[in-house]
Amino acid sequence: MIRYSFDTAAALAEIAKLDPKWKSKADKRTVKFVKARAYSEKSSLWSTIKPVYMGLQCNKCVFCERQFENERYGKIEFDVEHFRPKSSVKAWPDATAHPALAYGYDTGPASVSGYYWLAYDLENYAASCKACNSALKSNYFPVGDARGQAAVGFKALLKEKPFLCYPLGDLDADPEDLVSFVATIATPKAKDGHARERGQIIIDFFDLNGRDVLHQQRAQMIAMVGGALAAHAAGTATATDEEVIKKIDNAALPHASCLRSFKRQFEADPATGQRIWDKCRLYAMDQTASAPPVL
(Lines give C-alpha, C1' and ligand atoms only; values in the text may rest on other atoms or scores of the structure.)
Protein backbone atom coordinates (compact mmCIF):
# COMPACT_ATOMS: atom_id res chain seq x y z
CA MET A 1 0.00 0.00 0.00
CA ILE A 2 1.29 3.44 -0.93
CA ARG A 3 0.01 7.00 -0.69
CA TYR A 4 -1.61 8.55 -3.77
CA SER A 5 -2.13 12.25 -4.45
CA PHE A 6 -5.74 13.30 -3.95
CA ASP A 7 -7.48 16.65 -4.31
CA THR A 8 -11.22 16.83 -3.67
CA ALA A 9 -11.83 19.69 -6.08
CA ALA A 10 -9.93 17.94 -8.85
CA ALA A 11 -11.84 14.70 -8.18
CA LEU A 12 -15.15 16.57 -8.35
CA ALA A 13 -14.14 18.06 -11.68
CA GLU A 14 -13.46 14.58 -13.09
CA ILE A 15 -16.73 13.28 -11.65
CA ALA A 16 -18.62 16.16 -13.27
CA LYS A 17 -17.33 15.00 -16.66
CA LEU A 18 -19.03 11.65 -16.04
CA ASP A 19 -22.21 13.07 -14.48
CA PRO A 20 -22.61 16.83 -14.03
CA LYS A 21 -25.36 16.29 -11.45
CA TRP A 22 -23.61 13.64 -9.39
CA LYS A 23 -22.58 16.00 -6.56
CA SER A 24 -26.01 17.55 -6.13
CA LYS A 25 -27.67 14.14 -6.13
CA ALA A 26 -25.13 12.80 -3.63
CA ASP A 27 -25.59 15.81 -1.33
CA LYS A 28 -29.37 15.40 -1.37
CA ARG A 29 -29.09 11.75 -0.38
CA THR A 30 -26.60 12.55 2.37
CA VAL A 31 -29.04 15.03 3.92
CA LYS A 32 -31.64 12.26 3.98
CA PHE A 33 -29.26 9.79 5.65
CA VAL A 34 -28.21 12.29 8.31
CA LYS A 35 -31.82 13.14 9.10
CA ALA A 36 -32.72 9.45 9.42
CA ARG A 37 -29.44 8.63 11.21
CA ALA A 38 -29.11 5.61 8.92
CA TYR A 39 -28.11 4.65 5.39
CA SER A 40 -31.02 3.56 3.20
CA GLU A 41 -31.58 3.79 -0.55
CA LYS A 42 -32.94 1.55 -3.31
CA SER A 43 -30.20 2.35 -5.84
CA SER A 44 -26.76 3.91 -5.45
CA LEU A 45 -24.72 6.48 -7.35
CA TRP A 46 -21.13 5.55 -6.61
CA SER A 47 -20.48 3.15 -9.49
CA THR A 48 -20.38 6.22 -11.74
CA ILE A 49 -17.22 7.50 -10.07
CA LYS A 50 -15.26 4.24 -10.17
CA PRO A 51 -13.06 5.31 -13.13
CA VAL A 52 -11.96 8.44 -11.27
CA TYR A 53 -10.52 6.44 -8.37
CA MET A 54 -9.07 3.80 -10.67
CA GLY A 55 -7.16 6.55 -12.42
CA LEU A 56 -6.00 8.13 -9.18
CA GLN A 57 -4.60 4.76 -8.10
CA CYS A 58 -2.93 3.90 -11.42
CA ASN A 59 -5.45 1.07 -11.91
CA LYS A 60 -4.15 -0.68 -8.80
CA CYS A 61 -6.07 -2.03 -5.82
CA VAL A 62 -5.72 0.57 -3.08
CA PHE A 63 -4.92 -2.12 -0.50
CA CYS A 64 -2.93 -4.98 -2.07
CA GLU A 65 -1.46 -3.06 -5.06
CA ARG A 66 -2.44 -5.63 -7.65
CA GLN A 67 -2.75 -3.92 -11.03
CA PHE A 68 -5.67 -4.46 -13.37
CA GLU A 69 -6.89 -3.21 -16.74
CA ASN A 70 -7.62 0.46 -17.38
CA GLU A 71 -11.07 2.04 -17.41
CA ARG A 72 -12.07 0.46 -20.71
CA TYR A 73 -11.75 -3.13 -19.47
CA GLY A 74 -10.92 -2.94 -15.78
CA LYS A 75 -14.11 -1.65 -14.19
CA ILE A 76 -15.47 -5.17 -13.76
CA GLU A 77 -12.39 -6.08 -11.67
CA PHE A 78 -12.78 -3.20 -9.21
CA ASP A 79 -15.28 -2.27 -6.54
CA VAL A 80 -15.91 1.23 -5.22
CA GLU A 81 -14.73 0.75 -1.68
CA HIS A 82 -16.26 2.61 1.28
CA PHE A 83 -13.29 2.95 3.62
CA ARG A 84 -15.58 3.30 6.64
CA PRO A 85 -18.65 1.08 6.06
CA LYS A 86 -21.73 3.05 5.09
CA SER A 87 -24.17 0.92 7.10
CA SER A 88 -23.59 -1.68 9.79
CA VAL A 89 -20.07 -2.50 11.02
CA LYS A 90 -19.10 -5.98 12.18
CA ALA A 91 -16.64 -6.55 15.02
CA TRP A 92 -13.22 -7.71 13.76
CA PRO A 93 -11.78 -10.27 14.06
CA ASP A 94 -14.66 -12.66 14.64
CA ALA A 95 -14.29 -16.25 15.71
CA THR A 96 -16.06 -17.68 12.67
CA ALA A 97 -14.26 -15.84 9.87
CA HIS A 98 -10.89 -15.29 11.60
CA PRO A 99 -10.39 -18.13 14.10
CA ALA A 100 -6.59 -17.81 14.09
CA LEU A 101 -6.47 -14.08 14.85
CA ALA A 102 -6.33 -12.64 18.36
CA TYR A 103 -4.81 -9.47 19.75
CA GLY A 104 -3.88 -8.23 23.18
CA TYR A 105 -5.73 -4.96 22.64
CA ASP A 106 -9.25 -3.89 21.75
CA THR A 107 -10.18 -3.67 18.07
CA GLY A 108 -13.60 -2.06 18.49
CA PRO A 109 -17.24 -3.05 18.82
CA ALA A 110 -19.83 -3.63 16.14
CA SER A 111 -22.12 -0.79 15.07
CA VAL A 112 -25.71 -1.08 13.86
CA SER A 113 -25.78 2.23 11.99
CA GLY A 114 -22.17 2.45 10.82
CA TYR A 115 -20.92 5.58 9.07
CA TYR A 116 -24.10 6.46 7.20
CA TRP A 117 -23.09 10.11 6.69
CA LEU A 118 -20.02 9.04 4.68
CA ALA A 119 -21.89 7.05 2.00
CA TYR A 120 -21.22 9.82 -0.53
CA ASP A 121 -18.14 11.44 0.97
CA LEU A 122 -15.32 11.54 -1.59
CA GLU A 123 -12.78 11.14 1.22
CA ASN A 124 -14.35 7.78 2.08
CA TYR A 125 -13.91 6.18 -1.36
CA ALA A 126 -11.22 4.14 -3.04
CA ALA A 127 -11.00 1.52 -5.79
CA SER A 128 -10.39 -1.95 -4.43
CA CYS A 129 -10.04 -5.38 -5.97
CA LYS A 130 -12.90 -7.73 -5.21
CA ALA A 131 -10.73 -9.97 -3.05
CA CYS A 132 -9.74 -7.12 -0.73
CA ASN A 133 -13.17 -5.50 -0.68
CA SER A 134 -15.72 -8.30 -0.79
CA ALA A 135 -13.87 -11.29 0.63
CA LEU A 136 -11.73 -9.52 3.25
CA LYS A 137 -12.89 -6.01 4.15
CA SER A 138 -16.62 -6.61 3.94
CA ASN A 139 -18.28 -4.49 6.66
CA TYR A 140 -15.36 -4.58 9.09
CA PHE A 141 -13.56 -1.51 10.38
CA PRO A 142 -11.43 -2.13 13.49
CA VAL A 143 -10.69 0.82 15.78
CA GLY A 144 -8.67 1.25 18.95
CA ASP A 145 -10.93 3.81 20.65
CA ALA A 146 -14.62 4.75 20.79
CA ARG A 147 -16.29 4.50 17.39
CA GLY A 148 -17.44 7.83 15.92
CA GLN A 149 -21.18 8.40 16.20
CA ALA A 150 -21.74 11.94 14.92
CA ALA A 151 -21.76 13.21 11.34
CA VAL A 152 -18.15 14.39 11.37
CA GLY A 153 -15.36 14.36 8.79
CA PHE A 154 -12.22 12.29 8.34
CA LYS A 155 -9.87 14.31 10.55
CA ALA A 156 -12.26 14.20 13.53
CA LEU A 157 -12.68 10.45 13.06
CA LEU A 158 -8.96 9.90 13.59
CA LYS A 159 -9.84 10.06 17.31
CA GLU A 160 -11.18 6.53 16.80
CA LYS A 161 -7.56 5.40 16.38
CA PRO A 162 -8.39 3.43 13.22
CA PHE A 163 -6.23 0.42 12.48
CA LEU A 164 -6.75 0.54 8.71
CA CYS A 165 -5.08 3.34 6.76
CA TYR A 166 -6.65 5.55 4.08
CA PRO A 167 -3.95 6.07 1.43
CA LEU A 168 -5.49 8.82 -0.71
CA GLY A 169 -4.14 12.28 0.05
CA ASP A 170 -2.56 13.25 3.35
CA LEU A 171 -5.57 12.77 5.62
CA ASP A 172 -4.02 9.71 7.26
CA ALA A 173 -0.54 8.35 7.95
CA ASP A 174 1.71 7.37 5.06
CA PRO A 175 1.03 3.63 4.57
CA GLU A 176 4.75 3.02 4.03
CA ASP A 177 5.37 4.23 7.60
CA LEU A 178 3.13 1.37 8.76
CA VAL A 179 3.95 -1.58 6.47
CA SER A 180 7.28 -2.54 4.91
CA PHE A 181 8.59 -5.71 3.26
CA VAL A 182 11.41 -8.20 3.63
CA ALA A 183 11.63 -9.88 0.23
CA THR A 184 7.92 -10.44 -0.52
CA ILE A 185 6.82 -10.67 3.11
CA ALA A 186 4.94 -7.73 4.62
CA THR A 187 6.09 -6.64 8.08
CA PRO A 188 5.06 -3.82 10.45
CA LYS A 189 7.37 -0.83 9.96
CA ALA A 190 7.11 0.67 13.46
CA LYS A 191 8.70 -1.06 16.42
CA ASP A 192 5.94 -0.37 18.94
CA GLY A 193 2.81 1.61 19.77
CA HIS A 194 -0.34 2.17 17.73
CA ALA A 195 1.65 2.47 14.50
CA ARG A 196 2.96 -1.07 14.93
CA GLU A 197 -0.51 -2.33 15.81
CA ARG A 198 -1.87 -0.67 12.67
CA GLY A 199 0.84 -2.25 10.53
CA GLN A 200 0.16 -5.73 11.89
CA ILE A 201 -3.60 -5.45 11.53
CA ILE A 202 -3.35 -4.12 7.96
CA ILE A 203 -1.21 -7.15 7.09
CA ASP A 204 -3.60 -9.58 8.78
CA PHE A 205 -6.77 -7.83 7.63
CA PHE A 206 -5.93 -8.01 3.92
CA ASP A 207 -4.05 -11.30 4.29
CA LEU A 208 -1.03 -9.70 2.64
CA ASN A 209 1.20 -12.65 3.56
CA GLY A 210 -1.32 -15.41 2.91
CA ARG A 211 -2.17 -14.85 -0.75
CA ASP A 212 0.11 -16.69 -3.16
CA VAL A 213 -0.69 -14.36 -6.07
CA LEU A 214 0.65 -11.39 -4.12
CA HIS A 215 3.94 -13.15 -3.34
CA GLN A 216 4.29 -14.24 -6.98
CA GLN A 217 3.70 -10.77 -8.34
CA ARG A 218 5.99 -9.09 -5.80
CA ALA A 219 8.71 -11.62 -6.64
CA GLN A 220 8.27 -10.92 -10.35
CA MET A 221 8.75 -7.19 -9.77
CA ILE A 222 11.85 -7.77 -7.62
CA ALA A 223 13.24 -10.13 -10.27
CA MET A 224 12.85 -7.37 -12.87
CA VAL A 225 14.85 -4.72 -11.01
CA GLY A 226 17.37 -6.77 -9.00
CA GLY A 227 19.90 -6.95 -11.81
CA ALA A 228 20.06 -3.18 -12.13
CA LEU A 229 20.58 -2.76 -8.37
CA ALA A 230 23.25 -5.47 -8.36
CA ALA A 231 25.09 -3.80 -11.25
CA HIS A 232 24.89 -0.43 -9.49
CA ALA A 233 26.31 -1.92 -6.28
CA ALA A 234 29.16 -3.51 -8.27
CA GLY A 235 29.91 -0.30 -10.15
CA THR A 236 29.05 -1.86 -13.51
CA ALA A 237 25.62 -0.30 -14.09
CA THR A 238 24.71 0.72 -17.61
CA ALA A 239 22.62 3.74 -18.50
CA THR A 240 19.65 1.42 -18.79
CA ASP A 241 20.34 0.01 -15.30
CA GLU A 242 20.36 3.53 -13.86
CA GLU A 243 17.13 4.35 -15.64
CA VAL A 244 15.51 1.20 -14.21
CA ILE A 245 16.61 2.21 -10.71
CA LYS A 246 15.07 5.66 -11.14
CA LYS A 247 11.77 4.09 -12.12
CA ILE A 248 11.54 1.92 -8.98
CA ASP A 249 9.89 4.79 -7.10
CA ASN A 250 7.17 5.18 -9.74
CA ALA A 251 3.76 5.01 -8.03
CA ALA A 252 2.24 3.44 -11.15
CA LEU A 253 4.21 0.21 -10.73
CA PRO A 254 2.36 -2.75 -9.22
CA HIS A 255 3.52 -3.56 -5.68
CA ALA A 256 5.45 -0.30 -5.49
CA SER A 257 5.75 -0.46 -1.70
CA CYS A 258 7.46 -3.86 -1.87
CA LEU A 259 9.80 -2.64 -4.64
CA ARG A 260 10.78 0.44 -2.66
CA SER A 261 11.51 -1.71 0.40
CA PHE A 262 13.68 -3.99 -1.74
CA LYS A 263 15.60 -1.02 -3.10
CA ARG A 264 16.31 0.23 0.43
CA GLN A 265 17.43 -3.26 1.50
CA PHE A 266 19.76 -3.59 -1.48
CA GLU A 267 21.29 -0.16 -0.90
CA ALA A 268 21.81 -0.84 2.82
CA ASP A 269 23.15 -4.39 2.40
CA PRO A 270 23.94 -5.51 -1.18
CA ALA A 271 24.72 -9.08 -0.07
CA THR A 272 21.28 -9.49 1.47
CA GLY A 273 19.73 -7.76 -1.54
CA GLN A 274 21.47 -10.24 -3.82
CA ARG A 275 20.08 -13.18 -1.82
CA ILE A 276 16.56 -11.72 -2.00
CA TRP A 277 16.91 -11.19 -5.75
CA ASP A 278 18.19 -14.75 -6.33
CA LYS A 279 15.35 -16.30 -4.31
CA CYS A 280 12.71 -14.11 -5.98
CA ARG A 281 13.96 -14.97 -9.47
CA LEU A 282 13.52 -18.67 -8.75
CA TYR A 283 10.22 -18.22 -6.94
CA ALA A 284 8.78 -16.05 -9.70
CA MET A 285 9.39 -18.87 -12.19
CA ASP A 286 7.75 -21.55 -10.02
CA GLN A 287 3.99 -21.24 -10.29
CA THR A 288 3.56 -24.31 -8.06
CA ALA A 289 5.36 -22.74 -5.08
CA SER A 290 3.16 -22.70 -2.00
CA ALA A 291 5.37 -20.64 0.31
CA PRO A 292 7.00 -17.25 -0.23
CA PRO A 293 10.78 -16.88 -0.61
CA VAL A 294 12.52 -16.36 2.75
CA LEU A 295 16.10 -15.50 3.60
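For clarity, every value in this text was computed on a predicted model and none was experimentally measured.
- Counting non-hydrogen atoms of neighbouring residues, nucleotides and ligands closer than 6.0 angstrom, the NZ atom of Lys159 reaches no more than 12 such neighbours.
- Side-chain contact check for Asp269 versus Gln265: every heavy-atom pair is 4.5 Å or farther apart.
- Residues Leu122 and Phe6 come closest through the heavy atom pair O-CZ, 3.7 Å.
- Nearest heavy-atom pair across Ala173 and Leu178 is CB-CD1, 4.4 Å.
- Using modelled atom types, one finds a donor on one side chain and an acceptor on the other under 3.5 Å when comparing Gln274 with Asp278.
- At least one donor-acceptor pair under 3.5 Å links the side chain of Glu65 to the backbone N or O of Ala256.
- Heavy-atom neighbours of Lys28 NZ from other residues, nucleotides or ligands within 6.0 Å: at or below the threshold of 12.
- Under the 3.5 Å distance criterion, the side-chain polar atoms of Glu77 are matched with a main-chain donor or acceptor of Glu69.
- Formation of a donor-acceptor pair under 3.5 Å by the Lys130 side chain with backbone atoms of Asp79 is not found in this model.
- In this structure, Arg37 places its CZ atom where only 12 or fewer heavy-atom neighbours from other residues, nucleotides or ligands lie under 6.0 Å away.
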* To do: Mind running side-chain hydrogen bond (donor to acceptor under 3.5 Å, both in side chains) on Lys137 and Ser128 for me, showing each step along the way?
  => CA-CA 10 Å; Lys137 190 166 185 297; Ser128 170; over 6 Å; no
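- Contact annotation: the side chain of Ser261 never approaches that of Lys189 to less than 4.5 Å [non-hydrogen atoms, C-beta and beyond].
- Closest heavy-atom contact between Phe181 and Cys258: CD1-CA, 3.5 Å.
- At least one side-chain heavy atom of Arg211 sits under 4.5 Å from a side-chain heavy atom of Leu136.
- Side-chain atoms of Glu71 never come within 3.5 Å of backbone atoms of Pro51 as a donor-acceptor pair (strictly under, hydrogens ignored).
- Side-chain atoms of Gln57 come within 3.5 Å of backbone N or O of Ala127 as a donor-acceptor pair.
- With hydrogens and angles disregarded, a donor-acceptor distance shorter than 3.5 Å links the side chain of Arg196 to the backbone of Ala190.
- Note: the hydrophobic cluster containing Tyr4 does not contain Leu259 (ILVMFWY, side chain heavy atoms under 4.5 Å, direct or indirect links).
- Ring geometry, Tyr103 versus Tyr105: the interplanar angle falls from 30° to 60°, so the pair is classed tilted.
- Side-chain atoms of Leu229 and Trp277, non-hydrogen and from C-beta on, never get closer than 4.5 Å to each other.
- No side-chain donor-acceptor contact under 3.5 Å links Tyr53 to the backbone of Ala11.
- Taking all atoms of both residues into account, the shortest heavy-atom contact from Arg66 to Cys129 is NH1-SG, 4.4 Å.
- Neither Met285 nor Leu282 shares a network with the other; the hydrophobic side chains, linked directly or stepwise wherever heavy atoms of I, L, V, M, F, W or Y lie under 4.5 Å apart, form separate groups for each.
- With Lys60 contributing its side chain and Ala251 its backbone, the two residues share a donor-acceptor pair below 3.5 Å.
- Trp92 places no side-chain N or O within 3.5 Å of a backbone atom of Thr107 that could act as its donor or acceptor partner.
- Shown here for Pro167 and Pro175, the closest heavy-atom pair between the two residues is CB-CG, 3.6 Å.
- Lys246 NZ: 12 or fewer foreign heavy atoms inside a 6.0 Å radius.
- In this structure the side chain of Glu176 never reaches within 4.5 angstrom of the side chain of Met1, judged on heavy atoms.
- Applying side-chain hydrogen bond (donor to acceptor under 3.5 Å, both in side chains) to Thr184 and the options Gln216, Lys279, His215, Arg218 leaves one that passes, His215.
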* To do: Check the pair Arg198, Asp172 against salt bridge (Lys or Arg N to Asp or Glu O under 4.0 Å), reporting the backbone distance first and the verdict last.
  => CA-CA 12 Å; Arg198 292 188 84 181; Asp172 207 338; 3.1 Å; yes
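- In this structure, the side chain of His194 does not engage the main chain of Phe163 through any donor-acceptor pair within 3.5 Å.
- A salt bridge is absent between Arg264 and Glu267; no separation between the charged side-chain nitrogens and carboxylate oxygens falls under 4.0 Å.
- Other residues, nucleotides and ligands contribute more than 12 heavy atoms inside 6.0 Å of the NZ atom of Lys32.
- Of the N and O atoms on the side chains of Thr238 and Asp241, at least one donor lies less than 3.5 Å from an acceptor on the other residue.
- Open room surrounds NE2 on His232; 12 or fewer heavy atoms of other groups in view lie less than 6.0 Å from it.
- Phe68 and Phe78 have perpendicular rings, their planes meeting at more than 60° on a 0 to 90° scale where under 30° would count as parallel.
- What you find for Asp145 and Val143 is that their closest heavy atoms are O-CG2, 3.3 Å.
- Pro142 has its side chain within reach of Leu164: a pair of non-hydrogen atoms, C-beta onward, lies under 4.5 Å apart.
- The hydrophobic cluster containing Phe33 also contains Phe141, counting ILVMFWY residues as joined when their side-chain heavy atoms lie under 4.5 angstrom apart, directly or transitively.
- Taking the side chain as every heavy atom from C-beta outward, Pro254 and Gln217 never approach each other to under 4.5 Å.
- Partners of Asn124 by side-chain contact (heavy atoms from CB on, under 4.5 Å), not counting sequence neighbours, listed by chain and number: His82, Phe83, Arg84, Leu118, Asp121.
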* Given Arg260 and Ser257, is the side-chain hydrogen bond (donor to acceptor under 3.5 Å, both in side chains) satisfied, shown in steps? -> CA-CA 5 Å; Arg260 294 171 185 180; Ser257 180; over 6 Å; no
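- Aromatic ring orientation, Trp46 versus Tyr125: tilted (interplanar angle from 30° to 60°).
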* With side chain to side chain contact (heavy atoms under 4.5 Å, CB included) as the test, would you mind laying out the steps for Lys263 and Asp249 before giving the verdict? => CA-CA 9 Å; Lys263 179 184 175 185; Asp249 292 324; 3.2 Å; yes
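- Residues Phe206 and Met221 fall into different hydrophobic clusters, defined by Ile, Leu, Val, Met, Phe, Trp and Tyr side chains chained together at heavy-atom separations under 4.5 Å.
- Residues Ile276 and Leu214 fall into different hydrophobic clusters, defined by Ile, Leu, Val, Met, Phe, Trp and Tyr side chains chained together at heavy-atom separations under 4.5 Å.
- Ring geometry for Tyr166 against Phe154 counts as tilted: the plane angle lies between 30° and 60°, on a 0 to 90° scale.
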